[in-house]
There are 2 protein chains.
Amino acid sequence: MADPKRTRNTQQRQRILRVIQAAGCHLTAREIHRRVGQNGRAIGLATVYRALEAFARAGLVESASLGGRAIRYGLAAEHHDHVVCLECGKWQPLGRCPAPRAPRGAAPGFRVTGHRLEFFGYCEECR
Amino acid sequence: MADPKRTRNTQQRQRILRVIQAAGCHLTAREIHRRVGQNGRAIGLATVYRALEAFARAGLVESASLGGRAIRYGLAAEHHDHVVCLECGKWQPLGRCPAPRAPRGAAPGFRVTGHRLEFFGYCEECR
DNA sequence: CAGGTAAGTGAGAATCTTTCTCACTTCGCG
DNA sequence: CGCGAAGTGAGAAAGATTCTCACTTACCTG
C-alpha cells in the first residue's frame, strides 16, 4: 500500500463517521451531508467528499454504485455482498458471503484487501 | 423480468454495439461516443445513453463503475470478475471466476441472471 | 505550553456525467 | 406505400463530484 496516509481526527470527520455508523446502510454523499447538518452545524459538501475519500483509503468505508446515479458509501465491514434488481434498482445485502477468496495466479503482485460481490437479476415483484 | 422490451435495429445502435464489441474492455459513454464519431458521422451523446440502456435491458451489455466518476459499459458476456487498485484506479479482469454461484435462501424470490465480483487492494506499483 | 506547519475546512465555482425535452426522422408492420 | 411507435439530435437541465483559495485547526517539537 502507498503511505499509510495518516489522517487527522477532526470534529467534522467524527460527525461524518458517526452518521455512517448510525445509518446501517449505504448512503450517498448528499444524504450524509444532510444528516450531519441535522445534528449540529452544517458542514461543507466538499468536506464530506474529502472525508469519504480519506475513510475509503483508510479502509473504514467502502463505496458502491447501486443502480442510481450517485455513489453510495457505507462501513467497509458490513455486507460486501448483495443482490440488485435490474428493473427497479432495489438491492439488498446477503447475509453470508457465497465464497469469494483472493484470486490466485490471475493477478500476480496484487495485494487484495477486500472484495465486493453483486448478484443481479429481477426481484419478486419485477419478474 | 418485465416485458422483453422489443428494440429497433437502427444504424446508430449497430455502430455503438460494434464499438463496444471491438473495444475488448469496458468503456465510458463518452469514450463510446467519441469512437463512434471517429468512424463516420457523429451521433448524439443522448443516443449513446439510450442505446446503452436498451442494450443493458436486453442483457447484451453490462455496466460497472470502477473507481472513476463515470460508469463503464462492456459486453455482458465478458469478464464479470476483476481486481481494482484502490490507489491508482487501474483494474484488470480475472480469467477464471473464483466461485460465485447463486445465493440460496438469502434472497428468496429473486431471480439471478448474473453477477459481478470485484477484488480490491493495491497493485504491484502502488503497494 | 507556545509555535510552526501541514492537513483540513467552507463556500462557491467549475467540471463532468447523465437525463430530459421537443421537434424531426426512421424502422417495420400491414 | 402509409401509419404509428420508437429512435434521434441538439442543447438545456439536473445532479454529482472535484477544484480553488483563503482561512482554520490538529498535532508534533522544542
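Lettering of chains follows the sequences in order, A, B, ..., and the numbering in each one begins at 1.
- Following rounding to the nearest Å, H33(A) (NE2) and dG15(D) (P) show an atom-to-atom distance of 16 Å.
- Computed from coordinates, the Q14(A) CD to dT25(D) C1' distance equals 13 Å when rounded to whole Å.
- A side-chain donor-acceptor contact under 3.5 Å links R15(B) to the backbone of R41(B).
- The CD1-P distance, from I32(A) to dT17(D), rounds to 10 Å in whole Å.
- With rounding to the nearest 0.5 Å, the separation of CZ in R50(A) from CD1 in I16(A) is 9.5 Å.
- Nucleic acid contact for R50(B): base, since at least one base atom lies under 4.0 Å from a heavy atom of the residue.
- Where A29(B) and G44(A) each meet DNA chain C at their nearest nucleotide, the meeting point lying more 5' is that of G44(A).
- Between the CD1 atom of I71(A) and the P atom of dT17(C) there is a distance of 12 Å, given to the nearest Å.
- For Q12(B) and dG9(D), the shortest distance from a side-chain N or O to OP1 or OP2 is below 4.0 Å.
- R57(A) contributes atom CZ, which lies 13.5 Å from atom CG of L52(A) (distance to the nearest 0.5 angstrom).
- Formation of a donor-acceptor pair under 3.5 Å by the H33(A) side chain with backbone atoms of I43(A) is found in this model.
- When distances are taken from the side chain of R41(B) to each of dA5(D), dA26(D), dA10(D), the shortest belongs to dA10(D).
- Note: CG (L52(B)) to P (dG7(D)) measures 14 Å, nearest angstrom.
- Atom CG of L45(A) and atom C1' of dT17(D) are 8 Å apart (whole Å).
- Closest to the side chain of Y49(A), from the set dA16(D), dT8(D), dG8(C), is dA16(D).
- Distances from the side chain of R8(B) to the nucleotides dG8(C), dA16(D), dC27(C) place dC27(C) closest.
- When rounded to the nearest whole Å, the span between CD of E53(B) and C1' of dA6(D) equals 13 Å.
- Nucleotides of DNA chain D nearest to A46(A) and R30(A) differ in position, and the one nearer the 5' end is that of R30(A).
- Listed nucleotides: dT19(C), dG10(C), dT8(D). Nearest to the side chain of I43(A): dG10(C).
- Of the candidates dA16(D), dT9(C), dT18(C), dT9(C) carries the atom nearest the T10(A) side chain, counting heavy atoms from C-beta on.
- Taking only side-chain nitrogens and oxygens, R13(A) comes nearer than 4.0 Å to OP1 or OP2 of dT9(C).
- Looking only at distances, no side-chain donor or acceptor of R35(A) sits under 3.5 Å from a matching main-chain atom of V19(A).
- Side-chain proximity of N9(B) to the nucleotides dA11(C), dG28(C), dA26(D) is greatest for dG28(C).
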